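Before any comments, here is the structure.
Since this is a predicted model, take the numbers as computed values, not measurements.
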Amino acid sequence: GKVIEVMDKNSVIDTEMKAILINNGFALEFSEEANQIARDRAASMKDNLEWPDRRDFRSIDTFTIDPETAKDFDDALSYQILPDGNIEVGVHIADASHYLEEGSVLDQEAFAKSTSVYLVDRALPMLPEVLSGNVCSLMPQVDRLTFSVAFTFNLHNYKIIHTWIGKSVIHSNHRFTYENAQESLDQSHGLFHKELSQLNKIAKHLRKKRFEHGSIGFESPEYKFNLDPTTGMPISIYEKTRSDTHLLIEEYMLLANKAVAEFMHRKEQNQETIPFVYRVHDLPDMDKLKDLSLFAKDLGYNLKINTPKEISKSLNQLYEATLEDENLKLLQPLAIRTMAKAAYSTNNIGHYGLAFDLYSHFTSPIRRYSDILAHRILYKNIQETHRADKKRLEEQCKHISNQERKAMEAERDSVKFFQFLFIKDHVGNEYDGFISGMIERGVFVELEESHVEGFIPFDSMEESFMLAENRLKAMGRRSGLMLAMGDKIRIKVEEADMISRRITFSLIEKKESFRP
């Protein structure tokens, strides 16, 4: 082996974040050859060039909406009223494949990673910064190359009349954050208020139709940290909220992803299959669904789980109930655990969670290699009929799916580490929390304010406990004290062990049963 880097033992956070990335198999740096290729490709992009083989959207109102901390902007929306009074909405996606020559060293290193990795305090990009944060990124007031899906909507009923897919060039007028886009949406005098309002009406219509068709609403909560700008230490933890502008962007991205998959499917009708990269999602785990159904029934909720359509309808009713009753939020992670993991495959089985028969990933090529593959195959098939090697493409899909799981694991590890850093300074404090999980050795508890999860061992209590077969409740053998998933309890932070990263609580009292 050879020494690549000597880590600073005094920089605990930096060392830990790098270790998380390395342990999950992600290279921290690109090779010099890859970086040079990226620099050379980036130098080819200039403003005010003619692009005769691309549709020119530069004169049309266009903007991006992204998180405040975003470094790269994958997608932009354009809006125009057509001469016939209908509305054209353009979903413009960074044309990263234009800069990524297939088979080059840079391409090989991007494929090896297959995804950008987002940790609490940093991001490891799939492409070098000169591409990901510069010429590929759809920054305001500069020309950018894109791959677009333009939808023509009927002005009155918002039905899609026509869909155009092709390479394009845009000039974004403005970079919104989700927050200031929401402000513009809420205020009649806000920047692009009229356009945002119309886009939001269409998005709400699309969302309503999607849920009527069986799309499932449950999503894992995302937690954000306020970090000390000097030390990088966590000051507070909060749950990320989703506004109308988050949902607006989500709907148009889903629509574009669906449209490209449908285009590929239509093209192969009455002829040999054309291999493509589909985003697939299987049916839920029936054993886990039965456990959820029993627990929900215990709480007065009847889940029908006989058919796939019944399942999606029941889960959505449960989702609506959790929005009405804060106490029922605990059912969200239980419902999510019943779901299969989405993956990439050339074998299309549909996307159960979204209730789409055909779905792909097209909208994030700066940070997902699956989208690079989709762009390449799609572009070749717009021009002619092209068939990739199905066996090789399936192997690529498996690698990308595997890298995606590693990236998610790395992201979870970083969240747990920063939660650990936050709570280790609060040993001895008492907090309210709720029971979020159970195993033979004890119960997991999530704290209400910080969302930090710790463990109460059964052997730290005054009596032994008997765990139910479905692991949703446990009963004290002597007192008959019943502890169930979702019960509110008061705990004390006993220990935060730096080596094992284990956070240990003790039970002070049970405050409230998780019952209607």
Taking the six-membered ring of Y238 as reference, does the cationic atom of K224 (NZ for Lys, CZ for Arg) lie under 6.0 Å from its centre and within 45° of its axis? no
Cation-aromatic face contact K113/F30, 6.0 Å, 45 degrees: yes
Is there a donor-acceptor contact under 3.5 Å linking the side chains of [X] and [Y]?
X	Y	answer
E109	S31	yes
N257	Y359	yes
D95	S97	yes
T504	E494	no

Does the [X] side chain pair with the main chain of [Y], one donor and one acceptor, at a distance under 3.5 Å?
X	Y	result
N24	L21	no
Y319	S314	no
S184	L191	yes
H281	A340	yes
S360	V277	yes

For [X], enumerate each residue passing the side-chain contact (heavy atoms from CB on, under 4.5 Å) test, keeping only those at least two apart in sequence or located in another chain.
X	result
A76	T62, T64, H92, L138, I170
A335	F218, L292, L315
E404	R279, Y344, M408
S414	M17, I20, L119, V120

[X] with [Y]: basic N within carboxylate O range, under 4.0 Å:
X	Y	answer
E250	R207	yes
D487	K473	no
R501	D497	no
K416	D413	no

Please identify each residue that fulfils salt bridge (Lys or Arg N to Asp or Glu O under 4.0 Å) with [X], with sequence neighbours left out.
X	answer
D72	none
K209	E212
K406	none
K204	D244

Tell me whether the centres of the aromatic rings in H246 and Y178 are closer together than 6.0 Å. yes
Pair F362 + F147: ring centers closer than 6.0 Å: yes
Show the atom names and distances, to 0.1 Å, of all donor-acceptor pairs under 3.5 Å that link a side chain in residues 432-441 to residues at least two apart or in another chain.
residue, atom, partner, partner atom, Å
D432, OD1, R490, NH1, 3.1
D432, OD1, K511, NZ, 3.3
D432, OD2, K511, NZ, 3.2
S436, OG, F444, O, 3.4
S436, OG, E453, OE2, 2.6
E440, OE1, R471, NH2, 3.1
E440, OE2, R471, NH2, 2.8

Taking salt bridge (charged side-chain N to carboxylate O under 4.0 Å, His left out) as the cut-off, I'd like each qualifying pair that reaches into residues 183-196, sequence neighbours left out, listed once. none
Students often mix this up, so state it plainly: with edges at 30° and 60°, are the rings of F176 and H174 parallel, tilted or perpendicular? perpendicular
Side-chain touch F422/S450, heavy atoms, less than 4.5 angstrom: yes
Pairs touching residues 179-201 that satisfy ring pair (Phe, Tyr, Trp, His ring centres under 6.0 Å), sequence neighbours left out: F63-F192
For F111, what residues pass the ring pair (Phe, Tyr, Trp, His ring centres under 6.0 Å) criterion, not counting sequence neighbours? Y369, H399
